[in-house]
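Throughout, protein chains are lettered first and strands after them, A, B, ... in sequence-line order, and every chain is numbered starting at 1. Every heavy atom of this structure was used, including side-chain atoms; hydrogens, water molecules and symmetry mates were not.
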Protein chains: 2
Amino acid sequence: MFTHAEENYLKAIFHLEQELQGEVSTNAIAEQMETKPSSVTDMVQKLADKELLSYKKYKGAILTAAGRKTAADVIRKHRLWEVFLVDKLNFHWDEVHAIAEQLEHIQSEELIERLDRFLGSPDFDPHGDPIPDQHGNIKRTEKKLLSELDKGKRGVCVGVKESSSDFLQYLDRKKITIGTKIHVLGKEFFDGSMMLQVGKDQFFISKKTAENLFVQIQES
Amino acid sequence: MFTHAEENYLKAIFHLEQELQGEVSTNAIAEQMETKPSSVTDMVQKLADKELLSYKKYKGAILTAAGRKTAADVIRKHRLWEVFLVDKLNFHWDEVHAIAEQLEHIQSEELIERLDRFLGSPDFDPHGDPIPDQHGNIKRTEKKLLSELDKGKRGVCVGVKESSSDFLQYLDRKKITIGTKIHVLGKEFFDGSMMLQVGKDQFFISKKTAENLFVQIQES
DNA sequence: AAATATTTTTAGTCTTAGCTAAAAATAAAA
DNA sequence: TTTTATTTTTAGCTAAGACTAAAAATATTT
Ligand SMILES: [Mn+2]
Ligand SMILES: [Mn+2]
Ligand SMILES: [Mn+2]
Ligand SMILES: [Mn+2]
């Protein structure tokens with residue numbers, strides 16, 4: 001139906017739209033896609049012709065319903081394949097993104113339906129991100145950044161914002177993964193760093209780390 | 001490493017080379033790939049530049065060791081994915097080819113190693129074709145076409161030459177699949193048709209059918 | 001051996017998706 | 001409100017991989 005390039009653009013725009021809560025600029029897309037703004041202008045105009053997004057010169061792009069559905073389908077495939085790689089092939093959660101980036105473009109409705117069933121229709125991928133359903137609906141859960149928790153609060157890790165290998169391997173060393181209980185023992189106003197209790201261990205994390213970990217608050 | 005187009009050409013040339021036992025012509029490649037001879041000339045020259053095949057104008061192409069290895073890797077991936085689709089996702093053997101045609105281009109050594117292990121390192125794909133190993137070696141088995149068997153001989157179906165949906169579905173209706181025992185009750189010299197016993201059933205098949213079924217002879 | 005047919009290559013065009021450099025529009029600063 | 005800076009678009013180029021039409025080489029007939 002669509003080329004890999006088109007799908008990658010739609011996916012990027014979809015993510016940026018959430019993040020920025022509105023239309024996304026040429027430059028923002030270029031940065032996300034690691035390409036040049038002029039290339040983005042070209043592609044955005046093509047996608048507008050195909051009515052996958054609406055676009056006004058100098059104003060930015062916003063997905064149409066059709067574009068949003070296509071993007072959600074690609075994201076669904078990406079995340080289902082990530083589950084496959086981790087659950088079935090025993091990949092580590094920091095190794096799967098690049099492969100899923102390719103697998104997400106395989107075209108076959110039947111394949112994805114069967115893969116979904118084979119995996120037990122998971123709701124979240126290995127990074128805690130929700131998997132859109134067949135209709136493109138995404139379960140929005142009420143999660144917060146760890147950095148938003150105050151001293152004394154408890155939460156369960158439900159996802160990561162960044163999923164670079166560096167960050168995920170750092171989390172592994174700290175024994176933090178999806179489902180891990182985290183207790184905020186202290187919070188420094190000066191630099192936003194935090195003292196955590198995770199299992200038996202206590203340690204400091206930086207503001208940057210706290211801003212890249214999603215937690216669900218545990219009422220106590 | 002290589003583009004989808006390059007990989008598809010190498011695979012086609014690999015298959016033709018076996019079939020024709022020697023260098024393959026531009027036209028033969030064009031027919032296999034369902035493209036134009038002029039397009040083939042272009043690509044063959046590019047592949048020759050990359051030393052994946054050797055090629056002399058008007059004489060045809062023959063793979064180098066590097067080209068043969070690359071082709072075998074693609075075929076390995078194709079056939080492993082077919083096993084995955086049939087064994088794990090319960091696809092029927094006539095539905096998997098088009099999807100494997102896409103999956104064979106996913107680039108990740110690690111993925112294929114793990115997939116192979118996950119599938120129990122199968123030796124054959126769902127159509128009875130041998131799966132090359134990591135080094136590109138293919139187990140050549142002594143199989144014959146059913147049409148080569150004489151009256152009274154017995155064989156086990158070990159593969160199909162054609163794997164079109166039409167043919168595979170016909171075989172299903174006749175209850176013939178990989179592993180099925182076949183007894184040749186009679187053979188007509190006039191048109192090459194055969195009378196078979198398969199399980200409790202007896203029926204005629206055409207010469208064309210007999211020429212597209214591979215069997216391993218059962219010594220009795 | 002010459003004529004004809006077939007195969008293969010070349011030349012030129014198209015589309016997709018990228019790039020750079022320059023121009024135009026918009027935003028921010030003085 | 002000019003001037004300056006930033007963002008975005010346009011114009012023109014490139015490479016891959018397809019195509020058609022024409023030319024050249026090879027094969028087959030007569
Ligand atoms: Mn991708
Ligand atoms: Mn993910
Ligand atoms: Mn293919
Ligand atoms: Mn097969």
Side-chain angles (χ1 to χ4, degrees), chain A residues 1-14 16-17 19-20 22-63 67 70-71 74 101-102 104-107, chain B residues 1-14 16-17 19-20 22-63 67 70-71 74 101-102 104-107:
Chain A
M1 198 61 173
F2 301 106
T3 67
H4 290 200
E6 288 171 334
E7 289 189 345
N8 286 334
Y9 271 96
L10 290 172
K11 190 165 59 111
I13 294 166
F14 182 97
L16 288 166
E17 222 175 88
E19 197 175 304
L20 310 174
E23 61 269 295
V24 301
S25 70
T26 302
N27 258 17
I29 298 168
E31 193 178 354
Q32 175 95 354
M33 306 271 308
E34 298 181 41
T35 186
K36 302 289 164 179
S38 55
S39 304
V40 173
T41 302
D42 267 7
M43 181 56 94
V44 158
Q45 286 172 345
K46 254 179 277 181
L47 293 172
D49 288 346
K50 298 189 178 183
E51 310 201 0
L52 292 164
L53 50 79
S54 72
Y55 165 69
K56 271 166 241 118
K57 273 190 184 184
Y58 297 100
K59 287 283 288 180
I62 192 156
L63 296 176
T70 304
V74 176
E101 203 57 43
Q102 300 178 61
E104 72 189 1
H105 302 293
I106 302 292
Q107 309 269 10
Chain B
M1 197 62 172
F2 301 105
T3 66
H4 290 197
E6 287 171 334
E7 290 188 345
N8 286 335
Y9 271 96
L10 290 172
K11 190 166 59 112
I13 294 167
F14 182 97
L16 288 166
E17 223 175 88
E19 197 176 304
L20 310 174
E23 61 268 297
V24 301
S25 70
T26 302
N27 257 17
I29 299 168
E31 193 178 353
Q32 177 95 354
M33 305 273 305
E34 299 182 37
T35 185
K36 302 290 164 178
S38 55
S39 305
V40 173
T41 301
D42 267 6
M43 180 56 93
V44 158
Q45 287 172 344
K46 254 179 276 183
L47 294 173
D49 287 346
K50 298 190 180 184
E51 310 203 356
L52 292 164
L53 51 79
S54 72
Y55 164 69
K56 273 167 238 117
K57 271 189 184 183
Y58 297 101
K59 287 283 289 183
I62 192 156
L63 296 176
T70 304
V74 177
E101 203 59 42
Q102 300 177 61
E104 71 188 0
H105 302 294
I106 302 292
Q107 309 269 12

*Is Gln107(B) atom CD crowded by more than 12 heavy atoms from other residues, nucleotides or ligands, each under 6.0 Å away?*
yes
*Spacing between Phe2(A) atom CZ and dA17(C) atom C1', to the nearest angstrom*: 17 Å
*Separation of Glu6(A) atom CD from dT16(C) atom C1', in whole Å?*
9 Å
*asked:* So if I define the base as every atom that isn't primed, P, OP1 or OP2, how would nucleotides 20-27 of chain D read as a B/S/- string at a heavy-atom cutoff under 4.0 Å?
replied: BB---SS-
*Residue-level proximity of residues 41-51 of chain A to DNA chain C when a heavy atom falls under 4.0 Å*: Met43(A), Lys46(A)
*Over all atoms of both residues, closest heavy-atom pair of Leu63(A) and Ala71(A)*: CD1-CB, 4.4 Å
*Can you label the angle between the His4(B) ring and the His105(B) ring as parallel, tilted or perpendicular, going by 30° and 60°?*
parallel
*Would one find a side-chain N or O of Asn27(B) under 4.0 angstrom from OP1 or OP2 of dT6(C)?*
no
*asked:* Are more than 12 heavy atoms, taken from residues, nucleotides or ligands other than Gln45(A), located less than 6.0 Å from that residue's CD atom?
replied: yes
*Check the distance between dC19(D)'s P and Glu34(B)'s CD and give it to me in whole angstrom.*
11 Å
*Locate the shortest heavy-atom distance separating Glu17(B) from Val24(B); write the atom from each residue and the value.*
N-CG1, 3.6 Å
*Does atom CD of Glu31(A) have more than 12 heavy-atom neighbours from other groups under 6.0 Å away?*
no
*In whole angstroms, how far is the P atom of dA18(D) from the NE2 atom of His4(B)?*
12 Å
*May I ask you to say whether Glu23(A) pairs ionically with Lys56(A), meaning some side-chain N is under 4.0 Å from a carboxylate O?*
no
*Do you know the tightest heavy-atom contact between Val40(B) and Thr35(B)?*
CG2-CG2, 3.8 Å
*Please report the closest heavy-atom contact between Val44(A) and Leu53(A), naming both atoms and the distance.*
O-CD1, 3.6 Å
*Met33(A) CE to dA17(C) C1', straight-line distance once rounded to whole Å*: 11 Å
*Return no unless some side-chain N or O of Ser25(B) is found under 4.0 Å from OP1 or OP2 of dT7(C).*
no
_Which nucleotide in dG18(C), dA18(D), dT8(C) has an atom nearest any side-chain atom of Tyr9(B)_ = dA18(D)
